[in-house]
S.K.: 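Sending over a structure as structure tokens; questions will come in a sec.
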Amino acid sequence: MGFKENALKRSLWVFHFSGGSCNNCDIELLDCLTPRYDLERFGIELVGSIRHADIIAVTGIVNRQCKPRLEKIYKQASKPVFVVACGACPCTGGIFKNSYHTAGPLDEIIPVDAYIPGCPPKPEAIISAIVKLRNKLE
Amino acid sequence: MSDENKNSKKERTVIPIGPYHPLQEEPEYFQLHVEGEIVKKIEWRTSYNHRGIEKLSQSMSYDQVPYLVERICGICSTSHPLSYVNAVEDLAEIEVPVRAKYIRTIIAELERLHSHLLWVGLAGHFLGFNTVWMWAWKYREPVLEIMEAVTGNRQNYAMMKIGGIRRDIDNEDIPSIKKMLDDLKPKVDLLRGAVMDDPIIHARTKGIGVLTPEDVHNYGALGPTARASGIKDDIRRDYPYAAYDIIDWDVIVEEEGDVFAKAVVRIKEMYESISMIHQCLDALKKENGEIETTVKEIPPGDGIGQAEAPRGEVFHFVRSDGTNRPVRHKVRAPSFCNVPTFEVTTVGETISDAAIILAAVDPCYCCTERMAVINSEGEKSLTGDDLIKMSQQKTERMRKSKKENK
């Protein structure tokens with residue numbers, strides 16, 4: 001394990017990107033940080049700048065207006081960075097798959113490390129994804 | 001340099017807010033034009049969240065559309081399907097069984113409870129009261145648990161169906177729902193105390209971002225935003241749907257129109273919601289019967305449906321040509337009317353108050369993160385965190401000065 005990976009193991013910081021979502025996944029992500037689930041115990045928190053982030057959590061279908069901005073944000077991120085597709089929309093397109101404004105599932109735009117299915121995924125599912133991501137580093 | 005010269009040299013700074021902000025919710029883009037600390041003009045641009053729902057709806061059958069429209073907004077995921085089924089029932093003249101009406105009301109009011117709790121938490125966060133945020137979101141969890149028990153999902157309930165509802169509430173479950181509501185009431189009292197008795201919150205929110213009744217009419221503001229300005233406007237009372245004309249409840253109105261009044265309206269509405277759910281649950285015990293009527297076909301024609309979402313009136317228009325798909329489906333959400341009121345509420349206020357004024361309308365908003373100030377020299381830059389920090393620091397200053405005065 002390299003130095004960067006070792007450092008990445010601790011206190012994963014999350015940048016949240018909403019690419020045209022319905023707010024549900026976004027709220028469930030935020031819910032993970034509130035007292036019932038309290039992910040902040042493990043040093044996991046939402047950050048305001050992509051340059052500080054270890055994880056990009058993408059919600060929503062990523063529509064055509066968001067796509068160039070997502071690519072830009074991905075380029076700005078300091079590597080290595082994990083990309084998590086949170087919810088049915090970024091995984092497959094979900095119910096909006098056939099919409100004229102969908103830019104395609106997330107993995108056709110940027111590489112994805114973890115998929116969290118569900119509409120919306122429960123906070124438990126999000127926590128489980130983060131645990132799996134962390135174990136992947138070992 | 002004389003004062004006059006200084007003023008003429010003062011340049012307008014443009015602060016873009018959004019479109020991406022890590023905190024939560026959807027992308028929206030605002031531009032605040034400021035002179036010094038004072039906001040002079042606001043512009044906004046939406047469509048970062050456009051998903052082409054109206055077009056998609058035309059490619060789906062009438063029974064599939066409720067699943068689509070409940071994904072318009074995650075927080076209003078009952079109001080949109082409810083409004084849509086109201087429209088189709090209006091079009092096809094379908095009578096809904098009474099038990100289904102009560103259950104629709106229960107789900108809609110549970111949604112209002114969780115949405116208002118969510119708002120109180122976020123408003124607390126913007127003011128620097130993170131305790132209120134954590135409390136409100138903690139006490140929101142039991143509501144979501146009941147939702148999960150009744151509908152099978154924490155969000156996106158999929159309960160509405162043309163002619164009735166999809167799942168019945170088991171009469172044996174009613175005591176547990178009632179117990180949750182009884183447990184929730186002291187928690188709402190706690191939040192009411194935290195918001196309404198706190199001198200700092202009074203200082204931060206009273207007289208801030210005032211929306212006059214004239215402006216409510218001019219901009220067509222809806223829901224709690226209008227009711228906080230003394231306009232008694234509520235779809236549940238004006239055009240009753242579900243069981244709102246059978247049960248007993250009050251429209252909450254406040255006169256001041258400032259941020260504080262908007263908070264008070266929402267907190268008082270939570271009590272009304274709790275009382276409404278109790279009444280519906282009591283009625284359910286006596287009202288045993290069908291939960292849906294069979295719908296064979298949708299005749300050609302137009303239908304309109306309304307529902308009072310936590311943020312205001314949701315309006316759906318459906319046109320049918322006799323086939324199994326709508327030929328036109330138009331949706332208007334309340335934030336569409338409420339967001340333009342920023343033009344009058346934020347102008348003349350300081351930047352540190354802008355965050356709470358924008359949040360007070362409860363738009364599907366929260367773009368205060370990732371902000372950059374571009375001034376004439378192009379040197380200074382602020383992030384959205386800084387904006388929240390500025391807002392929180394103002395509260396802190398007030399708290400200190402309060403202590404010193406004592």
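Lettering follows sequence order; numbering is per chain, from 1.
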S.K.: Is it true that, when you exclude A:K75 itself, more than 12 heavy atoms of the residues, nucleotides or ligands shown sit nearer than 6.0 Å to its NZ?
M.R.: no
S.K.: Check for me whether the distance between the ring centres of B:H50 and A:Y100 falls short of 6.0 Å.
M.R.: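 Centroid distance B:H50-A:Y100: below 6.0 Å, so yes.
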S.K.: Which of residues 33-41 of chain A get closer than 4.5 angstrom to chain B, counting heavy atoms alone?
M.R.: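 So the qualifying residues are A:L33, A:T34, A:P35, A:R36, A:Y37.
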S.K.: Under 4.5 Å between any side-chain heavy atoms of A:H101 and B:R51, yes or no?
M.R.: no
S.K.: Report the residues that fulfil salt bridge (Lys or Arg N to Asp or Glu O under 4.0 Å) with A:K132, sequence neighbours left out, ordered by chain and then residue number.
M.R.: none
S.K.: Taking side chain as everything from C-beta outward and backbone as N, CA, C, O, which of these in B:R71 sits under 4.5 Å from a heavy atom of chain A? Side chain, backbone, both or neither.
M.R.: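 Both backbone and side chain.
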S.K.: How close do A:N24 and B:I75 get, counting heavy atoms only, and between which atoms?
M.R.: OD1-N, 4.5 Å
S.K.: Looking at A:D31, A:T59, A:L29, A:N98, which makes the most heavy-atom pairs under 4.5 Å with chain B?
M.R.: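 Among A:D31, A:T59, A:L29, A:N98, the one with the most close pairs to chain B is A:D31.
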S.K.: Rounded to the nearest 0.5 Å, what's the gap from CG on B:N156 to SG on A:C22? Could you check?
M.R.: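 Reported to 0.5 Å precision, the distance equals 5.5 Å.
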S.K.: So B:N153 and A:P120, do their side chains get closer than 4.5 Å, heavy atoms only?
M.R.: yes
S.K.: I'd like to check the salt bridge (Lys or Arg N to Asp or Glu O under 4.0 Å) partners of A:E124; sequence neighbours left out, ordered by chain and number.
M.R.: none
S.K.: Quick check: under 4.5 Å, non-hydrogen atoms only, which of residues 61-69 of chain B neighbour chain A?
M.R.: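 Against chain A, the residues of residues 61-69 of chain B that fall inside the cut-off (heavy atoms, under 4.5 Å) are B:Y67, B:L68.
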S.K.: Test side chain to side chain contact (heavy atoms under 4.5 Å, CB included) on A:I95 and B:M60; report intermediate values, then the result.
M.R.: CA-CA 11 Å; A:I95 201 164; B:M60 290 185 168; 4.0 Å; yes
S.K.: Below 4.5 Å, heavy atoms only, C-beta onward: do B:R154 and A:E28 meet side chain to side chain?
M.R.: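 Yes, side chains in contact.
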S.K.: Determine the minimum heavy-atom distance between A:N23 and B:C73, stating which atoms define it.
M.R.: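 Taking every non-hydrogen atom into account, ND2-SG, 4.2 Å.
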S.K.: Name the option with the most non-hydrogen atom pairs under 4.5 Å to chain A; the candidates are B:M134, B:K138, B:E141, B:K55.
M.R.: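 When all of B:M134, B:K138, B:E141, B:K55 are compared, B:E141 has the most.
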S.K.: Checking B:E70 against chain A: side chain, backbone, both or neither under 4.5 Å from a heavy atom?
M.R.: neither
